[in-house]
Participant: 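Sharing a structure here in structure tokens format.
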Amino acid sequence: MTCDFDFLALAAPGVRMLQPYPPGKPESELRREYGLSDIVKLASNENPLGPSPLALIAVREALSGLARYPDGNGFALKTALSAKLGLSMSMLTLGNGSNDVLELVARAFLTPEHEAVFSEHAFAVYPIVTQAIGATARVAKANRPDHAMPYGHDPAAMLELINDRTRVLFIANPNNPTGTWLKTAELETLLAAVPEHVIVVVDEAYVEYVEAETDCPTALPWLDRFPNLIVTRSFSKAYGLAGLRVGYAVSHPQVADLLNRVRQPFNVNSLALVAATAALADLDYLERSRTLNRAGMQQLQAACRHWGLNWLPSVGNFLCVNVGRPGREVFLELLKHGVIVRPVDNYGLPDFLRISVGAEAENARLIAALGAVLKD
Ligand SMILES: *Cc1c(COP(=O)(O)O)cnc(C)c1O
């Protein structure tokens with residue numbers, strides 16, 4: 001379709017400069033392009049167990065109700081979350097994935113006059129929601145490669161960028177794609193140092209995978225002390241519901257009220273609501289997810305050790321590996337073996353690949369393919 005009309009000139013200034021989020025390559029695309037059938041996808045940090053069996057039952061039961069609008073307040077899911085987390089329902093905001101919640105934060109608190117701060121190598125959605133509003137993104141230098149937490153968030157660098165125009169600070173803990181995290185003392189000190197006019201978003205998409213002995217805290221207990229804190233979580237990772245899109249924010253009730261004002265009335269669909277409620281109660285599934293991740297992480301790290309490859313510390317369900325050459329080239333070679341991983345050159349990590357932890361056989365396929373590619 002050709003047209004001389006300049007739509008770009010019509011677009012809001014922030015939108016003109018936007019680069020769309022590059023998602024993991026879908027299996028179906030690789031099947032079409034390469035004619036491959038047996039494909040392993042370790043590219044989007046999805047749960048290799050598939051969805052929780054209880055969530056599947058709930059979805060099947062809810063199918064016949066699809067002619068009705070969903071519960072726009074998500075009462076059942078909020079009740080379950082509030083019981084599980086031990087906090088008031090008025091502190092919860094549901095989202096169409098936690099990405100939706102991140103966008104609600106930007107729409108509620110940012111304007112073209114304001115700034116958002118986040119780190120280099122941080123989750124790609126922060127710059128997108130910031131720019132879409134026309135607000136200014138201030139990107140803090142990350143830790144240097146020789147730091148104990150290489151490429152991780154540097155609290156001092158973040159604080160330095162905060163000024164009167166700053167309205168939002170995005171922190172991913174742990175961060176994707178690096179896997180790195182801020183320790184309890186670091187995060188607490190940072191929260192205490194941030195002025196009250198700055199909303200601090202602590203994105204805890206991987207919190208369920210964090211082992212008890214790792215010093216990677218959840219920020220939930222600090223909500224009482226810091227009214228400007230928003231904690232976001234997701235059902236896409238350990239709860240295995242990436243395809244349904246559910247996430248939530250926990251915040252001061254007045255902040256939740258603002259987020260709910262900009263929310264679409266039915267942003268979380270009926271199937272997502274029942275599935276998330278059921279998955280939350282499926283403790284057995286969550287435990288199996290964690291156990292599988294622990295074993296898979298060992299399996300991937302053992303292979304990297306064997307090849308002499310370095311990886312970044314990770315408490316998530318993925319490993320960011322330095323492949324010692326352009327990661328995008330290795331990614332393309334792996335595609336020929338039917339293995340999809342994630343190049344992270346767009347995150348400023350050109351020599352790295354982000355590999356999601358899969359089931360044992362999937363990891364074995366990746367290891368065999370990567371071994372073959374690295375030998376060439
Ligand atoms: C995967 C991920 C999310 C979750 O996104 P959803 O919209 O809930 O699927 C949020 N933050 C980070 C850092 C992630 O990696």
Side-chain angles (χ1 to χ4, degrees), residues 11-23 72 74 91-140 142 153 157-159 161-173 175-177 190-191 194-206 219 223 226-236 245-268 346-347:
V15 175
R16 249 174 259 161
M17 310 293 294
L18 268 188
Q19 295 292 326
Y21 176 80
M91 300 175 76
L92 297 170
T93 308
L94 301 182
N96 193 271
S98 57
N99 279 302
D100 185 27
V101 176
L102 297 171
E103 197 182 358
L104 297 182
V105 173
R107 302 226 322 264
F109 294 101
L110 291 174
T111 77
E113 277 74 55
H114 291 124
E115 300 182 357
V117 173
F118 47 83
S119 177
E120 279 182 300
H121 320 300
F123 189 42
V125 168
Y126 311 150
I128 293 177
V129 298
T130 302
Q131 288 173 41
I133 295 293
T136 301
R138 304 288 306 269
V139 183
H153 294 3
M158 291 178 140
L159 280 173
L161 295 184
I162 291 177
N163 59 42
D164 291 346
R165 292 181 303 278
T166 313
R167 283 295 174 276
V168 181
L169 167 62
F170 289 107
I171 297 169
N173 212 39
N175 182 46
N176 166 26
L190 175 57
L191 290 172
V194 173
E196 273 194 1
H197 71 270
V198 178
I199 295 287
V200 184
V201 177
V202 179
D203 178 344
E204 298 188 348
Y206 300 94
L223 280 163
F226 306 113
N228 54 336
L229 173 62
I230 302 179
V231 178
T232 63
R233 294 199 172 171
S234 175
F235 282 93
S236 300
R245 318 300 306 125
V246 209
Y248 61 96
V250 191
S251 66
H252 189 284
Q254 284 177 29
V255 172
D257 174 56
L258 292 169
L259 297 180
N260 275 294
R261 290 182 199 195
V262 287
R263 185 175 68 78
Q264 282 183 39
F266 304 105
N267 63 332
V268 186
N346 57 322
Y347 281 94

Participant: Once salt bridge (charged side-chain N to carboxylate O under 4.0 Å, His left out) is applied, do any residues pair with Arg165, and if so which ones, sequence neighbours excluded?
Facilitator: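 Glu115.
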
Participant: Can any side-chain N or O of Asn228 pair as donor or acceptor with the backbone N or O of Val200 at less than 3.5 Å?
Facilitator: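 It does not hold such a pair.
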
Participant: Step by step, work out the side-chain contact (heavy atoms from CB on, under 4.5 Å) result for Leu258 and Phe109.
Facilitator: CA-CA 9 Å; Leu258 292 169; Phe109 294 101; 3.9 Å; yes

Participant: Is Glu204 reaching over with its side chain to a backbone N or O of Val231, donor-acceptor style, under 3.5 angstrom?
Facilitator: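 No, Glu204 side chain to Val231 backbone: no donor-acceptor pair under 3.5 Å.
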
Participant: With rounding to the nearest 0.5 angstrom, report the CD1 to CZ distance, Ile199 to Phe226.
Facilitator: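 Interatomic distance, Ile199 CD1 to Phe226 CZ, rounded to 0.5 Å: 13.5 Å.
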
Participant: Are Leu94 and Val246 close enough that some pair of their side-chain heavy atoms sits under 4.5 Å apart?
Facilitator: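 Side-chain contact under 4.5 Å: no.
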
Participant: Side-chain contact test, heavy atoms from C-beta onward, threshold under 4.5 Å: evaluate it for Ile230 versus Leu259 and give yes or no.
Facilitator: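 Of all side-chain heavy-atom pairs linking Leu259 with Ile230, at least one is under 4.5 Å.
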
Participant: Is any side-chain heavy atom of Leu169 closer than 4.5 Å to one of Phe118?
Facilitator: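 Side-chain contact under 4.5 Å: no.
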
Participant: Dump the intermediate steps for side-chain contact (heavy atoms from CB on, under 4.5 Å) on Val105 and Val129, then the final yes or no.
Facilitator: CA-CA 9 Å; Val105 173; Val129 298; over 6 Å; no

Participant: Are side-chain heavy atoms of Leu190 and Ile171 found at a separation under 4.5 Å?
Facilitator: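 The answer is yes, as the side chains (C-beta and beyond) meet within the 4.5 Å cut-off.
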
Participant: Please identify which of these residues, Asn260, Asn96, Asp100, meets the side chain to side chain donor-acceptor pair (under 3.5 Å) condition with Asn267.
Facilitator: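 Exactly one pass, corresponding to Asp100.
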
Participant: Drop me the distance from Arg263's CZ to Leu104's CG, to the nearest 0.5 angstrom.
Facilitator: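 Between atom CZ of Arg263 and atom CG of Leu104 there are 8.0 Å.
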
Participant: Strictly distance-based, threshold 3.5 Å: is any side-chain N or O of Arg107 a donor or acceptor partner for the main-chain N or O of Val262?
Facilitator: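 Side chain of Arg107 to backbone of Val262: a pair is present.
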
Participant: Rounded to the nearest 0.5 Å, how far apart are OG1 of Thr166 and CG of Leu110?
Facilitator: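 Those atoms lie 10.0 Å apart.
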
Participant: Is any side-chain heavy atom of Val202 closer than 4.5 Å to a side-chain heavy atom of Leu229?
Facilitator: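 They are in contact (side-chain heavy atoms under 4.5 Å apart), so the answer is yes.
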
Participant: State, yes or no, whether a side-chain contact exists between Phe123 and Asn99 at a heavy-atom distance under 4.5 Å.
Facilitator: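 Yes, side chains in contact.
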
Participant: Mind listing the closest non-hydrogen atom pair of His153 and Ala172 along with its distance?
Facilitator: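 The pair with the smallest heavy-atom distance is NE2-N, 3.2 Å.
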
Participant: For Ala116 and Thr130, which heavy atoms make the closest approach, and how far apart are they?
Facilitator: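 Here Ala116 and Thr130 meet closest at CB-OG1, 3.6 Å.
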
Participant: If you measure from OH on Tyr248 to OG1 on Thr232, what distance do you get to the nearest 0.5 Å?
Facilitator: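 Here the rounded value is 9.5 Å.
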
Participant: Output all residues satisfying ring pair (Phe, Tyr, Trp, His ring centres under 6.0 Å) with Phe170, sequence neighbours left out; order by chain, then residue number.
Facilitator: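 If we apply the ring pair (Phe, Tyr, Trp, His ring centres under 6.0 Å) test to Phe170, skipping adjacent residues, the hits are Tyr126.
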
Participant: Apply side-chain contact (heavy atoms from CB on, under 4.5 Å) to Val201 and Leu102, showing your working.
Facilitator: CA-CA 8 Å; Val201 177; Leu102 297 171; 3.9 Å; yes

Participant: Might you point out which heavy atoms bring Glu120 and Val139 nearest each other, and give the distance in Å?
Facilitator: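 The pair with the smallest heavy-atom distance is N-CG1, 3.5 Å.
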
Participant: Of all heavy-atom pairs between Arg138 and Asn163, which one has the smallest distance, and what is that distance?
Facilitator: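 Heavy atoms only, the tightest pair is NH1-ND2, 3.5 Å.
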
Participant: Please evaluate residues Val250 and Leu92 with respect to the criterion side-chain contact (heavy atoms from CB on, under 4.5 Å), reporting the C-alpha separation (whole Å), side-chain torsions for both, the decisive distance (0.1 Å), and the verdict.
Facilitator: CA-CA 5 Å; Val250 191; Leu92 297 170; 3.9 Å; yes

Participant: Between Ser251 and Ala256, what is the shortest heavy-atom contact and its length?
Facilitator: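 Nearest heavy atoms, Ser251 then Ala256: OG-N, 3.2 Å.
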
Participant: Would you name the heavy atoms of Ser236 and Arg245 that are closest together and state the gap between them?
Facilitator: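 Nearest heavy atoms, Ser236 then Arg245: OG-NH1, 3.4 Å.
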
